[in-house]
Amino acid sequence: MVDYQPKDFESKWQEYWQEKGLFTIDVEDKTKPKYYCLVMFPYPSSELHVGHARNYVIGDAVARYKAMRGFYVLAPMGWDAFGLPAENQAIKNKIHPKTWTLKNIERITDQLKSWGIGYDWDKEVTSCEPDYYKWTQWIFLKLYEAGLAYKKYAPVNFCSSCKTVLANEQVIEGCCERCSTEVEEKKMEQWFLKITDYTEHLLCDLDLLTDWPQKVKIMQENWIGKSLGVEIDFPIIDSDKKISCFTTRVDTIFGATYVVLAPEHTLIKEWIENDSVSPEVVEFVKNMKRHAVKTQDLAELEKEGVFTGKYAINPMTDEKIPIYTANYVLISYGTGSVMAVPTHDERDFEFAKKYDLPMRVVIDTSEVPIKLNEMKGAYEGEGILVNSGEFNGLKSEDAKDEIARYMEEHNIGRSGVQYKLRDWLISRQRYWGAPIPIIYCDQCGTLPVAEKDLPVILPEDVEFKPTGDSPLKYCEDFVNTKCPKCGGAAKREVDTMDTFVDSSWYYLRYITPRNKKEAFDTKLVNKWLPVDQYIGGIEHATMHLIYARFITKALFNLKLIDFKEPFAKLFTQGMIIKDGVKMSKSKGNVVAPDALIEKYGVDTMRLYILFMGPPEKDAEWSDRGVEGAFRFLNRFWRLYDTFQTYSAQEINNTREAELNRIFNLTIKKVTIDMEGGFKFNTAISFIMELLNQLQSDVAQCCVSKKLLSKILEALLVLIYPFAPHISEELWQKMGKTSSVLENSLWPECDESALIQETIEMPVQINGKLRGKVEVANEADEEEIREIVLSNDKVKVFIQDKLIRKFIVVKKRVVNIVI
RNA sequence: GGGCAGGUGGCGGAAUGGCAGACGCGCAGGACUUAGAAUCCUGUCCUUCCAAGGGUGCGGGUUCAAGUCCCGCCUUGCCCACCA
C-alpha cells in the first residue's frame, strides 16, 4: 500500500496545468459559452494567510466546476498595487514602494500557484504599472471631458495620520477607515467624480441585480439614502430672504415652532459678516468649528445651540418663529437647515426642552390622545392631524399629499428628493498612486493632459520624508511642465488618485491586458462582460462595488461599452475567525498556509476551507478540522489503492442496487449544491457519505468491480473542484491518459436508479377509509401492520416500528394523501 | 435610534412544512499491534434495562404535521447612524 503523499505530486500537476495552458484563454474563441469568474484582486501587502485563501479557493472551485460543465472559463488575477501601506513602509524602512509592492506580488504569486489555483496568468494586471495606470488616467480624462470630474474648494475629511483626505465612504464613525485616527475637517481644493449624476441609476438598477445578496443591495440603498419629502420656504422677518427646509414629515408643519440652521450655513456666515448677530452667536459658531469633528459618537452628543435673534414665519400658521443655530443640524445633508417640530421629532424635542421652546401637538393617535404636558418624548409615528387648520382629521399619509399640493399651489414649498450620497472625492495627497492627468497654466487655466501624452509617469526617483507632504510636490522634474495649449511654463497636479479608481475598472482590462492602443477592446469586453460571477468580501459593499457600478454606467453613457452593470452575480464570502476574532497579522492569530501544506498538502487545506461551513458565513478555524479533511483524503486515496487488487467475492444484488442508488443520488445532490449556490460544505459531505458506503462495500467484497470502477471514476470528477491534485493523480493511477479537466465531463445522474415504485395502502381514520398512503415497494404489504389516525394523528406502523406518518420506509419516502 | 442576519448536541454545522442533529470534529468502548497520537469496527441529544416519552432562545398561534410559516418577547452579531 502506498500512502497518500501529496507532496509527491501536487507540484507536478500544477506544472502540468500551466504547461498545457489549461487555464489560458483565447478571448477571441467562439466555440464554447463563456464564463467570467472573477475574485476581487488583492492588495499585495505581505503574504497571504488561510483567511485570504478562502476567497481564491472558492473562486477556483466555481471556475473548475464551470469548466467541467462545458464553459470556457476566464479566471484572471491581478494586483491592486497602489496604496498607502506601501508608502508608509517606504517612509519607515527606506524601501521604495515599488520594490516593496513587486516583492509582495512575487511572493503571493508563488503562494497562489502552490495552492493550485487555476488562473490565466497571461491576463495578469498590476495597477501600479504605467501600462495599466495610463488607462486609469485615460478614464479620468474621459470623465473630465464628460463633465464628470471636477475640482472644487470644499470641506473634506482629512486624516492627520495618513496625511491625506478621505472619501466619505472611507470615514467610519468619524474615524479613518485605515488607521482609526479621528478625521478632521479641512477646506481644500480637491478633485471629485460626479457619482451623484448617477444616483437614480445606481438605485434603480439594483433591481437588475437579481443575483446579488439582498444584504449588499440594501447596504447600497441605505448608503444612497433616498428620501422623498417637501422643501418648504420659511420667509425671514425683516428680510427678503427665505430659509428652505427639507422635511419628510410635511404633515407636521403646523407643529414647526422654530427653525434651526447648521452653524456652517451660508446665512449664518452672512449675518456674522454683516454684524447682525450677537457676539454669542459668533462665539458659538467659532466653537462649533473646533468641536465639529472631535466627537466620535454624534448621536450621543449633547445638543447645543443659540438663538440668532432673528425670526422666520411658519408659512402655514403665519406664526413668528425663532431661528436658531445648533450643532445637531448637518450642513452636508439637505439644505443645511431644518424646521423643528419638537412634539414629533425626538431631536427637536430634546432641544426644545433644553431651551424652553414652544411646542404644539399636531399628530394624534386614535387610541390614546397625546397630552402636551405629559409628553416625555416626541411621538414620531403617524396618526391623525390636529391643530392643523383645514387639514385636521386627515391621516398623516393623506395629509402629506394634501399639504404638499397646497404648498405647491401657494408657492410655499415643493416636493423634492434628498440623497445621502455625495460626490466621490478622489484626490489623495500621496505619492503611491496614479497621478491625476491635469496641468495648471497661469495663462490658460486648468487643462487636461493630452491623450497622446499619457501616461503621466509617476517619477520613481523621489525622496520619502515623514513630513506628510507628497514627495511629488518637491519633485521639480515632475511638477514643471509645459502648457499643452500655449506651450508656456505650467505645473502638474501633484495629487494622485484614490486607489478605488484603479480598482473600479480592472475587470475590463483583464480581457486584453497588453493592449497598447486602448484601455479595453469594446467588442471583446462586450462579449465577456458582465462578469458572470464575482467573489469577494462584503466590506466592499459601499465602496468598490458602488464605484465600479458608477464607472461602468459612465462608460456605458459614453458608448464605450454596452452593458450597464459590471457584475451579474455577486457572492460575498464570510471571514475566517481564529480565537474569536478576524484572522489578521496585526492580531497575531494568522494560520500560515505554508506549514499546513507542508504537513497535509494543499488539497487538505482547500477541502477544509470549503467544508468548514457555509462560505457566506464567518467560520472559526479549527486545526482538528484540518486533520479531519486530511483523514478523508487518506481514506479516499486508500480506497483507490485497494481497488487495484479488489475482486468481488459475493455479489449481492440488493446491495449493488442500493449502492448504485446512493451513487446517483450523490451526483444529483452535489450537482444541485453546485448549481444552486455555493453549498460546498454539504456537497463535500455527500461525497463523504458515498465514500463511507463504498468503503464498507469494498471491505465486504459484495459489489462488482465494474460498478465500483464506474463510481470511483465519477468520484474523481465530483471531488475535482475541491481537491484537484488528488483527483488528477488518482485519475492517472486508474490508467487514464491526460487530465481530469481535459478529459471528462461532470457525471450525469441516472434518474432511473432513483425511482421508487410505490404501492398504495388504504388509510383508516377512526375506522373509516379516509385516503391512501403511497409506500415504497420495498415495504411489503404485510410489513405495514397498521395505519391509524387517533387523536387526529396519523401513525404508520411497519412491523413493530412506529413510523410517524407519511415518512420513510427503509429510507424511502412515503407520501400520504388524505 | 434605524436596517439586516442569526439563536439547533461537548464543538463546526445538516434538515423542498414531513424520521431533528446529515457530514465532520471531539469523546467512549473494542479490534489490529511490541507500541499507537496510524488504521478499522461499534457507540455517542436527554430520561430509560426495554418499552415509551421529552427535546431546535422564550410565550402564543396556524397545520394531520413546525427548527422551518404567523404574532409577541428575549438575545447575539454585523452594517448604518443627530440624514430632518
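Naming convention: chains lettered A, B, ... in sequence-line order (proteins, then strands); numbering from 1 in each chain.
Of the nucleotides present, B/C64 is the one that pairs with B/G18 by Watson-Crick or G-U wobble criteria, both distances under 3.5 Å. Of all nucleotides present, only B/G77 satisfies the Watson-Crick or G-U wobble test against B/C4, with each distance under 3.5 Å. Using Watson-Crick or G-U wobble geometry with both donor-acceptor distances under 3.5 Å, B/U39 finds its partner in B/A31. Pair assignment for B/U48: none, as no Watson-Crick or G-U wobble contacts are both less than 3.5 Å. In this structure, B/G55 forms no base pair with any nucleotide, since neither Watson-Crick nor G-U wobble geometry is met with both distances under 3.5 Å. With a 3.5 Å ceiling on both atom-pair distances, the Watson-Crick or G-U wobble partner of B/C25 is B/G10.
Not one N or O on the side chain of A/Asp251 forms a donor-acceptor pair closer than 3.5 Å with the backbone of A/Leu385. A distance-only check finds no donor-acceptor pair linking the side chain of A/Arg54 to the backbone of A/Ile576 [under 3.5 Å]. Although no hydrogens or angles enter the test, the distance criterion places a donor-acceptor pair under 3.5 Å between the side chain of A/Asn327 and the main chain of A/Glu304.
Comparing A/Gly613 and A/Ile538 by the nucleotide of RNA chain B whose heavy atom lies nearest to each, the residue mapping closer to the 5' end is A/Gly613.
When distances are taken from the side chain of A/Tyr328 to each of B/A84, B/C82, B/C80, the shortest belongs to B/C82. The A/Met688 side chain lies nearest to B/G24 when the options are B/A14, B/C82, B/G24. Taking the side chain of A/Thr682 as heavy atoms from C-beta on, and the options B/C25, B/A15, B/C82, the nearest nucleotide is B/A15. Across B/A81, B/C23, B/G3, the shortest atom-to-atom separation from the side chain of A/Ile218 is found for B/G3.
In terms of phosphate contacts, A/Asn681 brings a side-chain nitrogen or oxygen within less than 4.0 Å of OP1 or OP2 of B/A14. In this model, the phosphate group of B/A84 is approached by a side-chain N or O of A/Ser227 to a distance below 4.0 Å at OP1 or OP2.
The residue A/Ser337 sits apart from the nucleic acid: no heavy atom pair falls under 4.0 Å. A/Glu689 comes within contact range of the sugar-phosphate backbone alone, with a heavy-atom separation under 4.0 Å but no base atom that close. Residue A/Val260 is out of contact with every strand shown, counting any heavy-atom pair closer than 4.0 Å. Nucleic acid contact for A/Gly628: sugar-phosphate only, since backbone atoms but no base atoms lie under 4.0 Å from a heavy atom of the residue. Heavy atoms of A/Ser622 sit nowhere under 4.0 angstrom from any nucleic acid atom.
A heavy-atom distance below 4.5 Å is found between the side chains of A/Tyr258 and A/Pro342. In this structure, the side chains of A/Asp211 and A/Leu570 stay at 4.5 Å or more apart for every pair of heavy atoms.
Distance check on atom C1': B/U39 versus B/U33 gives 11 Å, rounded to whole Å. For the P atoms, the distance linking B/G26 with B/U34 amounts to 26 Å, nearest Å. B/C80 and B/C69 have their P atoms separated by 28 Å, with the value rounded to a whole Å. Nucleotides B/C70 and B/G7, compared at atom P, are 15 Å apart to the nearest Å. For B/G9 and B/C46, the P atoms lie 12 Å apart once the distance is rounded to whole Å. Rounded to a whole angstrom, the distance from the C1' atom of B/G57 to that of B/U47 is 22 Å. Rounded to a whole angstrom, the distance from the C1' atom of B/G17 to that of B/C64 is 12 Å. Taking the P atom of each, B/C19 and B/U56 are spaced 15 Å apart, rounded to whole Å.
Across the protein-nucleic acid pair, A/Glu620 atom CD and B/G77 atom C1' stand 14 Å apart, rounded to whole Å. Rounded to whole Å, atom C1' of B/C23 lies 13 Å from atom CG of A/Leu690. Residue A/Lys617 contributes atom NZ, which lies 9 Å from atom C1' of B/A5 at whole-angstrom precision. Atom-to-atom, CG of A/Asp618 to P of B/U76 comes out at 18 Å; the value is rounded to the nearest Å. Nucleotide B/C82 holds its P atom 6 Å from the CG atom of A/Leu330, rounded to whole Å. Between the OH atom of A/Tyr258 and the C1' atom of B/A84 there is a distance of 11 Å, rounded to whole Å. Atom CZ in A/Arg624 sits roughly 14 Å away from atom C1' in B/G12 (whole-Å rounding). Distance, A/Ile224 CD1 to B/G2 P: 23 Å, rounded to whole Å.
In B/G53 the O4'-C1'-N dihedral to the base is more than 90° from 0, which defines an anti nucleotide.
No side-chain N or O of A/Asp641 forms a donor-acceptor pair with one of A/Tyr4 less than 3.5 Å apart. Checking A/Glu231 against A/Ser244 by side-chain atom types alone, a donor-acceptor pair falls below 3.5 Å. Judged purely by distance below 3.5 Å, without hydrogens or angles, the side chains of A/Gln220 and A/Arg549 pair a donor atom with an acceptor atom.
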Sub-3.5 Å pairs of nitrogen or oxygen atoms, protein against nucleotides 28-37 of chain B:
none

Close N/O contacts between protein and nucleotides 38-45 of chain B (under 3.5 Å):
residue	atom	partner	partner atom	Å
B/U39	O3'	A/Arg638	NH2	3.0
B/C40	OP1	A/Arg638	NH2	3.4
B/C40	OP1	A/Gln695	NE2	3.3

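For A/Glu302 and A/Lys354, the salt-bridge test passes: some basic side-chain N is under 4.0 Å from an acidic carboxylate O. Residues A/Lys7 and A/Glu598 are paired through a salt bridge, judged by an N-O separation under 4.0 Å between the basic side chain and the carboxylate. Between A/Arg661 and A/Glu658, at least one side-chain nitrogen of the basic residue sits less than 4.0 Å from a carboxylate oxygen of the acidic one, meeting the salt-bridge criterion.
The base of B/C79 lies outside donor-acceptor range of the side chain of A/Lys215, with no N or O pair under 3.5 Å.
Residue A/Ile662 holds its CD1 atom at 9.0 Å from NZ of A/Lys669, rounded to the nearest 0.5 Å.
The number of heavy atoms from other shown groups lying within 6.0 Å of NZ (A/Lys679) does not exceed 12.
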